[in-house]
> 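Supplied in structure tokens, the structure appears directly below.
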Amino acid sequence: MTAQLIDGKLIANNLLEDLKKEIAKREEDGIRNPALAVILVGDDPASTVYVNNKRRACEKVGIKSLFYDLPATTTQIELEKLIDDLNNDSGVDGILVQSPLPDPLDEDRILDLISPDKDVDGFHPINLGLLAMRQPKFRSCTPYGVIKMLKAMEIEISGKDAVVVGASNHVGRPMAFELLMAGATVTQCHSKTQNIQDKVYNSDIVVAAVGRPEMVKGSWIKKGAVVIDIGINRVGDKLIGDVEFEVAKNNASFITPVPGGVGPMTVATLMSNTLDAQKNSL
Ligand code: NAP
């Protein structure tokens, strides 16, 4: 068996096209374009790539992106002041702070200060709590992007056994909440979990979000399972996922590539969250 590749780039481009049309239509109706403030502190190369991708997507769909490229020497007080200003600026619909922030900035505190109404990344405790209670408002872009991707591929979630390998606050946990909300029975694995291999093997849907290259072995994948690889690991000049793709594809029914799988869905979801933020504020 060779799995069908899930083309995240294509699905994301379709979403972006729809958003572009909707934003253009709203513009015709006299509604200003949505605006997203993108804050990058320091010059981490990976963060710079991610931020540039997000800015390019903004341009593509007609979202105004406001650039805040700040030096690594930016202080906590300066950053908090900027967040406060953006929270109070009615011309700004969404605020994104690119993670990780350089030391000694307190990232959790900064993310908590973003108004939940402008939290288009879906990282604020209020938004994560609402998702956990099945009353989502802003949903974390990567997990929500995975759900959109599964829907686009008409892959059934309800009633399936799913495993999420990884349990971080911004990726693994909201991914488990999303799958639960969609009707899956979810097992969540983390660094203390024993026998991850068995848990993966018993699952119809496998989501990997660990940050360890090819940690999820291809032989662990049950025949016909759906494999979603969120991991992005730089190994030399290559990007490698958390799943051993070359072997996993022989067992899976559907599988995402890295790159070109979940990454573009994250960006497209950020764009739709920003439009939603504007709609909510009007
Ligand atoms: P993170 O904050 O470092 O969290 C990693 C998670 O994996 C933690 O829950 C950790 O467990 C768990 N873990 C670590 N080692 C493990 C092991 N040996 N067995 C089982 N679980 C283990 O990372 P993250 O922010 O969630 O990101 C995960 C990956 O996704 C990274 O490669 C990141 O680059 C990628 N990512 C991709 C996108 C995208 O758009 N495609 C977006 C965001 C992130 P504990 O909780 O017990 O420490």
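Numbering of ligands and ligand atoms starts at 1, following listing order.
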> Who's the nearest protein heavy-atom neighbour of atom 16 (C) of ligand 1, and how far?
Val210 CG1, 3.6 Å

> Checking a contact table here: which protein heavy atom is nearest atom 31 (C) of ligand 1, and how many Å away?
Gly211 CA, 3.6 Å

> Could you list which atoms of ligand 1 come closer than 4.0 Å to a heavy atom of Gly166?
6 (C), 7 (O), 9 (O)

> Under the side-chain contact (heavy atoms from CB on, under 4.5 Å) test against Val41, which residue among Val97, Leu79, Asp69 passes?
Leu79

> Does Val262 reach ligand 1 with a nitrogen or oxygen that is under 3.5 Å from one of the ligand's nitrogen or oxygen atoms?
no

> Are Ile205 and Tyr201 connected, step by step, through hydrophobic side chains (Ile, Leu, Val, Met, Phe, Trp, Tyr) whose heavy atoms are closer than 4.5 Å?
no

> Would you say the side chains of Ser272 and Lys148 form a donor-acceptor pair under 3.5 Å?
yes

> I'd like to check which ligand 1 atoms, numbered from 1 as shown, lie under 4.0 Å from a non-hydrogen atom of Ala167.
6 (C), 8 (C), 9 (O)

> Mind checking whether Thr266 contacts ligand 1 via backbone (N, CA, C, O), side chain (CB onward), both or neither, at a 4.0 Å heavy-atom cut-off?
side chain

> List the closest protein heavy-atom neighbour of atom 15 (N) of ligand 1: residue, atom name, distance to the nearest 0.1 Å.
Arg212 NE, 3.2 Å

> Can you check salt bridge (Lys or Arg N to Asp or Glu O under 4.0 Å) on Glu178 and Arg173, steps first, answer last?
CA-CA 9 Å; Glu178 287 284 356; Arg173 278 166 206 259; over 6 Å; no

> Do you know which two heavy atoms are closest between Val120 and Asn273, and how far apart they sit?
O-ND2, 2.9 Å

> Can any side-chain N or O of Asp106 pair as donor or acceptor with the backbone N or O of Arg109 at less than 3.5 Å?
yes

> Which residue and non-hydrogen atom of the protein lie closest to atom 36 (N) of ligand 1, and at what distance in Å?
Ile230 O, 3.7 Å

> Has ligand 1 got any nitrogen or oxygen that is less than 3.5 angstrom from a nitrogen or oxygen of Lys192?
no

> Under a 3.5 Å distance rule, please check whether Asn202 uses its side chain to pair with a backbone N or O of Asp198 as donor and acceptor.
yes

> Which pair of heavy atoms, one from Glu78 and one from Thr75, lies closest together, and at what distance?
OE1-N, 2.9 Å

> Can you find an N or O of Cys189 that's nearer than 3.5 Å to an N or O of ligand 1?
no

> Looking only at protein heavy atoms, identify the closest one to atom 20 (C) of ligand 1 and say how far it is in Å.
His190 O, 3.2 Å

> Mark the output for Met215 as yes if a heavy-atom distance to ligand 1 is under 4.0 Å, and as no if none is.
yes

> Less than 3.5 Å apart, any donor N or O on the side chain of Asn233 or Lys238 sitting next to an acceptor on the other?
no

> Nearest protein heavy atom to atom 1 (P) of ligand 1, by residue and atom, and its distance?
Ser168 CB, 4.0 Å

> With only distance considered, is Tyr50 within less than 3.5 Å of ligand 1 through an N or O on each side?
no

> What atoms in ligand 1 come closer than 4.0 Å to a heavy atom of Gly263?
40 (O), 41 (N)

> What atoms in ligand 1 come closer than 4.0 Å to a heavy atom of Ala209?
6 (C), 7 (O), 28 (C)

> Who's the nearest protein heavy-atom neighbour of atom 19 (N) of ligand 1, and how far?
Ile196 CD1, 3.5 Å

> Nearest to atom 42 (C) of ligand 1, what protein heavy atom do you find, and at what distance?
Thr142 OG1, 3.2 Å

> Going hydrophobic residue to hydrophobic residue with side-chain gaps under 4.5 angstrom, can you get from Phe138 over to Ile63?
yes

> Taking all non-hydrogen atoms of both residues, which atom of Ile6 and which atom of Phe254 are closest, and how far apart?
CD1-CB, 3.8 Å

